[in-house]
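Chain identifiers are assigned alphabetically (A, B, ...) following the order of the sequence lines, protein sequences preceding nucleic acid strands; residue numbering begins at 1 within each chain.
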Protein chains: 2
Amino acid sequence: MTKQARQFAIKELIAARPIGSQETLRRELGKRGFRVTQATLSRDMNDLGVSRTMQGGMPRYAIPSAAGMTALSPLVGAEVVSIDANESLIVVHTLPGCANTVGEFIDVRRHPDIIGTVAGDNTLLVVPISTKKTSHVMQFLKHTLIEGAA
Amino acid sequence: MTKQARQFAIKELIAARPIGSQETLRRELGKRGFRVTQATLSRDMNDLGVSRTMQGGMPRYAIPSAAGMTALSPLVGAEVVSIDANESLIVVHTLPGCANTVGEFIDVRRHPDIIGTVAGDNTLLVVPISTKKTSHVMQFLKHTLIEGAA
DNA sequence: CATGATTCTGTATATTTATGCAAGACAAAA
DNA sequence: TTTTGTCTTGCATAAATATACAGAATCATG
């Protein structure tokens with residue numbers, strides 16, 4: 001029952017259902033075998049950068065998407081927020097100011113199906129050699145940037 | 001000293017500086033002539049949908065990004081020079097150095113048909129989720145950027 | 001093993017936020 | 001004017017969250 005495992009469970013729970021208080025969260029975690037106090041959860045919230053909002057009198061916790069990713073892969077891919085594509089282009093979202101780094105990281109690999117990359121501030125455009133190769137490149141990127149970090 | 005005026009001031013304050021508690025906010029508002037109690041602010045937070053996050057032991061309020069950006073609408077429109085597209089990309093020309101601002105402005109809208117944006121100096125690339133959606137996105141951008149939508 | 005440094009956690013409590021209730025302000029209808 | 005209803009607010013307090021402190025647990029080193 002590591003701290004890491006617990007915080008992962010917290011992210012899952014918060015993302016899945018409307019959790020409104022640390023006490024509620026504590027009970028849900030209890031069902032899953034994590035027995036901790038509210039104080040610990042308060043610290044976890046801090047670590048995870050979770051935010052709390054009131055809406056129509058109902059409180060609700062939410063994970064900032066970027067923070068979620070960051071916590072997931074503390075290593076190389078920590079800067080990558082998301083990877084999406086249309087038929088002919090792939091867009092990698094990164095933390096602010098990190099697109100350049102990620103772009104160079106990809107360039108160095110010299111993947112044969114990637115023509116090149118263009119980096120903005122927090123967005124990286126990856127151009128595949130052919131629309132037919134787009135999904136291949138997607139897989140490559142997800143593997144390299146996300147799984148590769150863990 | 002309307003409720004409306006007060007809530008507007010709250011948005012400004014929260015956007016401008018790191019406000020960590022309703023009590024702090026109350027004092028700041030006091031300096032500006034809004035004398036209210038913490039209870040009222042708690043209700044305002046609910047109305048505005050403001051969220052609170054702990055980071056490194058320091059609390060901080062934040063406005064859901066779209067709400068904060070709304071005020072910028074008229075300014076952004078002035079920066080846009082032209083909007084063009086081919087089948088798979090949309091190019092927004094802006095005044096020199098403004099592409100970044102316009103890009104962020106579009107990003108926070110989180111339009112479902114927009115995968116992402118890449119900003120250069122005076123040129124902004126907008127990537128639609130599909131070539132079929134390009135014209136839709138064009139319309140959205142023209143409406144949002146030029147006519148200055150709410 | 002012993003020592004010290006570091007991390008993690010619970011307890012108790014301080015701090016902060018949310019809310020039930022009643023009072024005041026205002027508007028529309030009688 | 002009086003009545004009725006809606007809206008907003010403050011007061012007092014309940015509810016929720018953060019934190020100082022001390023006790024374990026973990027780990028690297030001598």
Would you say B/Arg35 reaches D/dG10's phosphate, i.e. side-chain N/O to OP1/OP2 under 4.0 Å?
no
Minimal non-hydrogen separation, B/Arg26 against B/Gln38, with atom names:
CD-N, 3.7 Å
Atom CE of B/Met54 to atom P of C/dT15: distance rounded to whole Å?
14 Å
Phosphate contact (D/dT17 OP1 or OP2) by A/Ser42 side-chain N/O below 4.0 Å
no
Specify the separation, in whole Å, of atom CE of B/Met58 and atom P of C/dT16.
11 Å
Roughly how many Å is it from CZ in B/Arg60 to C1' in D/dA18, rounded to a whole number?
19 Å
Expected output: side-chain B/Ser130 to main-chain B/Lys132 donor-acceptor under 3.5 Å:
yes
I need the CG-C1' distance between A/Leu48 and D/dT17, as an integer number of Å.
15 Å
Grab the OH-P distance between B/Tyr61 and D/dA18 for me, whole Å please.
10 Å
A/Arg52 or B/Asp44, whichever maps to the more 5' nucleotide of DNA chain D:
B/Asp44
Could you check how far CG of A/Leu25 sits from C1' of D/dA18, rounded to whole Å?
15 Å
Nearest whole Å is fine: how far is C/dT19 C1' from B/Asn46 CG?
11 Å
Establish, with yes or no, whether the OP1 or OP2 oxygen of D/dG10 is under 4.0 angstrom from a side-chain nitrogen or oxygen of B/Thr40.
yes
Distance criterion of 3.5 Å, no angle test: do you see the side chain of B/Gln38 paired donor-to-acceptor with the base of C/dA18?
yes
Indicate whether OP1 or OP2 belonging to C/dA18 is found under 4.0 Å from a side-chain N or O atom of B/Gln22.
yes
Verify the neighbour count for atom NE2 of B/His111: are there more than 12 heavy atoms of other residues, nucleotides or ligands below 6.0 Å?
yes
For B/Asp47 and D/dC7, give me the distance from atom CG to atom C1', rounded to whole Å.
12 Å
Respond yes when some side-chain nitrogen or oxygen of B/Arg6 is under 4.0 Å from OP1 or OP2 of D/dT8, and no when none is.
no
Between the protein and nucleotides 20-27 of chain C, which nitrogen or oxygen pairs are less than 3.5 angstrom apart?
| unit_1 | atom_1 | unit_2 | atom_2 | d |
| --- | --- | --- | --- | --- |
| C/dG20 | O6 | B/Arg43 | NH2 | 2.8 |

Grab the two heavy atoms, one from B/Thr134 and one from B/Pro128, that are nearest each other, plus how far apart they are.
OG1-CG, 3.8 Å
Sidechain-backbone polar pair: B/Thr53 side chain, A/Gly49 backbone, donor-acceptor under 3.5 Å
no
The side chain of B/Lys3 is closest to which nucleotide in this list: D/dA18, C/dT19, D/dT9?
D/dT9
Between A/His93 (side chain only) and A/Asp84 (backbone N and O only), is there a donor and an acceptor less than 3.5 Å apart?
no
How close do A/Leu41 and A/Leu29 get, heavy atom to heavy atom, and via which atoms?
CD2-CD1, 3.6 Å
